[in-house]
Amino acid sequence: MKLSGPGKPLETDVLVVGSGMAGLRAAIEAKRSGLKVLLVDKSLLGRASSSIYAGGLGLEILPKYLPYHGATEKKFADYFNGTIEQVFKKMLQEGVSIGWGYPYIDNQRILMTVACDYKLRQDELRDFGVEDPYSQHFIGRPVSMGAPIILPMIDYFKKIGGKTMEKTVMTDLIRQGDRIVGAIGFEMGRGRWTVILAKVTIIATGGCAQVYKRTYSPTRITGDGYAMAYRAGAELWEMEMVGFCNWTIAEPKCPQWWIPFSYGRVSGKLRNGLGEPFFERYAKENGWLGPKATLSDNDGMDKRYGKPLTEMDHYFWRACSMEIREGRGENGAVLLDLRNVPEERWYYENDGITALNEMRNFDWKNRPLHIAPAAEKQAGGIYTDEYFKSNIEGLYAAGEAGPGLSMPFCIVSGASAGRYGAWYSREAAPVRLGDEDMKWIEKRQEEARKILSSESSGMGDPRSIKKDIKETMWNYVGTLRTEAELDKGLQELDRIEKERLPLLFAKDMRGLREAFETINMVTVSKAIAESAKLRTESRGMHQRLDYPKEDNANWLKNVFVKTLQGKMQLFTRPVNLIWEEPE
Amino acid sequence: MPKILLKVVEESCIGCEKCAEVCPVLALDFDEEKEKAFVMDETACICCRQCLEVCPVEAVILEGAFTEKDILMDSDMIRRRHG
């Protein structure tokens, strides 16, 4: 298979890598300000992740108002009653921050931006042809909830003159001195190496949960943006903050996918392999129960345990992980007993139908269903300031690729990165490549050609290497971490990097894309493992068995990862507690 | 809940790769040699139906989940609740 090119470099003012919610929003904003904007995606536009998840924009911010309590738009609006400061405080205290549960180490300026802008940005989606930005569920679209938001935005972007390239894999950012001046990669359709020059590059490539064996993020979510930014010298932050979700099916003939938030699911009973109601034990020991907890199996889990379910997210996976770890699981899972769930609870909202569909090959009416935690999202990412600018000129990041998470974060960061990036672009010097740059571009193309001409082998098969990475991360850098296991994980990742990556081969463009994804997954996995090792405390999503307590005396800090002289270096910076601090 | 049927009609498939691109779970994959999409793992399918949406020639069949009745019954409940 040949890799031709590069032809003449493409030139644009603003390059956006990734066309999900955040990337699209950034691209629209930059285009609306009158600049040339090129939006590229390694797959098809808008179909990688946001089209599945972007529904239920309102749900992200509103843990109390779950669908089966008959939420309406009026109730959503109530959350924003009060001053911005009150909303900000609510978000910080309820743990519904940009990071979804790492108390008090959020960037408060960024959180304030989200609190201020979120409602405006959600309303504004109507300008882009989105019919109902407040819809929890688009009727008739049980799973691909995001498509009614994403698809109109793609049309709008094109309508206002935005340019797009699909199946175009960016492999590296072009760094000139202290500046990012575009990116290089290859067009799958043409089999051609490509250079794109841009005064501003906005990375919106989503998360990296695919580095874990148990995950329900879509196939292409391999952390490419994190790896590219890292290689170019950008700082990553809070990579240890991987969000897991407890409610993921672990039955051989069923999809490894989450059972969505649904009345049916929350009516089930959690049991371990010995049939014990173990969660109550952890809840009592750790003080996780709310004052009005009924502890009745007839109630949904929110009433049963007395708290909104989103607040208890990480309690569930901690308890289930511990049971499995201590040998009281069954086949590496715990059990969700749905046998007595009244039929109508599944039909309350269409998430229940989604759940029924996923369990279709299992007789859940007569047997408890195996579930186990799975990786869902990455709260950390490319570090940026509150203008969504990274530590390098010309490089911005938005969405899950940036320093946060959640659908509100995607639209706020997307709009802001697009706006501030556009402003910068107007002031920035034109981009001109020098000889050094051309040599480096050629070198990278040679590396891609080498992969295409390498012999097939089991050791070098990208899918096999991905499996190796995923097993390693699940076993050693999973939900409950210890120093010894993290070290073992790093050893295995080192082995994969040294013994398998050099043997990577590809027979075609799809294979070449998988090869680069595999390389990126190793880098990202190392960043996660190293960060998890450095943070010697437990906080929200990051749980250390050897350091089980939250340590505000020593750890009101953020963990950073950066490449310095070819090595992965880690350091911390104290959190800037501008408006709120822990008691 | 009826079981689903996920199928690629090989004769109709034009090898555009779109269904394999959008599938979030690798239930559908693409055979570069045959230049046809194929069902890699039917049990992985979550019925997001993106494959149906992107196929230009209706070569992808997905039957069984989310029957008309389920969706209507569910939509009805949503309308009643949201007024």
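Chain letters run A, B, ... following the sequence lines, proteins first and then strands; every chain starts at 1. All of these numbers come straight from a predicted model, not from anything done at the bench.
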inquiry  = Please check if the number of heavy atoms outside B:E35 that lie under 6.0 Å from its CD is greater than 12.
reply    =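 Atom CD in B:E35 is not crowded, with 12 or fewer foreign heavy atoms closer than 6.0 Å.
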ask   = Under the side-chain contact (heavy atoms from CB on, under 4.5 Å) criterion, do A:T222 and A:F516 qualify, and how do the steps go?
value = CA-CA 10 Å; A:T222 50; A:F516 277 99; over 6 Å; no
request  = Could you tell me whether B:E21 and A:R513 make a salt bridge, using a distance below 4.0 angstrom between a side-chain N and a carboxylate O?
outcome  =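 Yes.
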task = Look at A:K507, A:K167, A:E166, A:M359 and state which one has the largest set of heavy-atom pairs under 4.5 Å with chain B.
result =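 Going by pairs under 4.5 Å, I would pick A:K167.
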query = Is there side-chain contact between A:Q210 and A:Y212, with heavy atoms separated by less than 4.5 Å?
reply =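 Answer no - side chains too far apart.
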query = Given that the side chain runs from C-beta out, which part of A:N361 has a heavy atom under 4.5 Å from chain B: side chain, backbone, both or neither?
reply =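 Its backbone and side chain both get close to chain B.
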query = Among B:A27, B:P24, B:C45, B:A44, which residue forms the greatest number of heavy-atom pairs with chain A at distances under 4.5 Å?
reply =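 Ranked by contacts with chain A, first place is B:P24.
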